[in-house]
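These notes concern the structure reproduced below.
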Amino acid sequence: VNPSADTIRRLEKLISFPTVSRDSNLDLIEWVSEELAGYGLASRLTYDRERRKANLLATIGTACEGAGLVLSGHTDVVPVDGQTWSTDPFHATIVENGVYGRGAADMKGFIAAVLAAVPQMLEAADRSCFHIALSYDEELGCLGAPGLIEDLCRAGARPGACIVGEPTEMGLVIGHKGASVYRCRIHGRAQHSARAPDGVNAIDYAARLISRLCEMDARLRRTERRHPSYDIGHSTLNVGVIRGGVASNIVPEDCEFRFDIRHLPWTDARAIVHELEEFARAELVPDMRSIAPEASVVFECVGEVPALETDADLPLVRLASQLLETTAAPTRVGFGSEAGLFDAAGIPTVICGPGSIAQAHQADEFVTFGQLARCERFLRRLIDCTDFEVAGERSCL
Ligand SMILES: [Zn+2]
């Protein structure tokens, strides 16, 4: 089964925009809004602080208050630095059974299928409502989506359901862990190493904080209530980056580390950070300030994605299973996504999209025609039957 030429054409175009998260996505957003304008549809854009990136929200249909279906995708892709590609990652290469290119699976294939389905949404517009929601900076910790969701609420929409098209090989996913990224900056006092006791060694204090984090991680592994659906059934902490110091004979003035919390729905990431902050405030900072009053330990949240834990009995889940013609039980995945944010905004949300997560972020990323065609079919059926009311209370079934 092959996908439509409309989907392929749009996927080729989407891949041609090198929307690596660190760069602007505005060219892509502009192209999408022109495509939509061709159908007489207006796009609402919300920007990042420097106006280098934008989210796009387009609503199709009437009766959008208290109803509607959100089709959500992120426009950014991960870098190709250091990867060996056999094709140009930013030029779609069509082969016998699929498409190669950065973002083919994660997740421009889904966006292409959604854009190709716009004519069908227009046909259903008198009885339904659809929101196309495209974000920036998902790969950096879902930085764009909160502004997009805020805009959706500002527009007066109360969608009854949301599909996030992350690559699940068109399987139905109803849960993922939460993911929070924090930065911790330690400021001490520089000194010649021969006079080390007169300085405040920022790396030394970072090390104490990190070993405290390791203890907390071990405690979670020992005592946290397990989630039976995850192969790692407890929350985890990981220090992923550390920077500090200038030379071995200088007491380092500054040190910074970043850590990431992957947590279960019932574990509060902020409480974990709060505990670490308290440790710093009560036990480290007074010590540091006895030598250098300007010393400090500062925590900063870089990105935060709530856990997704959608009730398997929701009408949306039953409907999606039926439309996917699957008897397989919905699953949970290890990666975080914007689904947690939509869910936290009170919109019942599932994840389902073409391509495999095994392809995502890899060299020679691809999506098969079979996957794109399955996605088209799923969207077609969703659009045909959609009558999503608040919280999925009423569906077409
Ligand atoms: Zn993704």
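Remember, it's 1-based here, ligands and their atoms both numbered in the order they're listed. Numbers here are sequence positions counted from 1. Reckoned from all heavy atoms, side chains included, excluding hydrogens, waters and symmetry mates. Fair warning: this is a prediction, and the values are worked out from it, not measured in the lab.
For Phe369, the ring pair (Phe, Tyr, Trp, His ring centres under 6.0 Å) criterion is met by no residue, not counting sequence neighbours. Legend: residues meeting side-chain hydrogen bond (donor to acceptor under 3.5 Å, both in side chains) with His187, ordered by chain and number and at least two apart, are Asp254.
The set of protein atoms (N, O or S) found at less than 2.8 Å from the Zn ion (ligand 1) reads His74 NE2, Asp106 OD1, Glu166 OE1, Glu166 OE2, by chain and number.
Side-chain contact, Thr19 with Lys108: a donor N or O sits under 3.5 Å from an acceptor N or O. Under the 3.5 Å distance criterion, with hydrogens and angles disregarded, a donor-acceptor pair is assigned to the side chains of Glu166 and His74. For His192 and Asn249, the side-chain atoms include no donor-acceptor pair closer than 3.5 Å.
The stretch residues 255-284 participates, sequence neighbours left out, in these ring pair (Phe, Tyr, Trp, His ring centres under 6.0 Å) pairs: Tyr182-Phe259, His227-Trp266, Phe257-Phe259.
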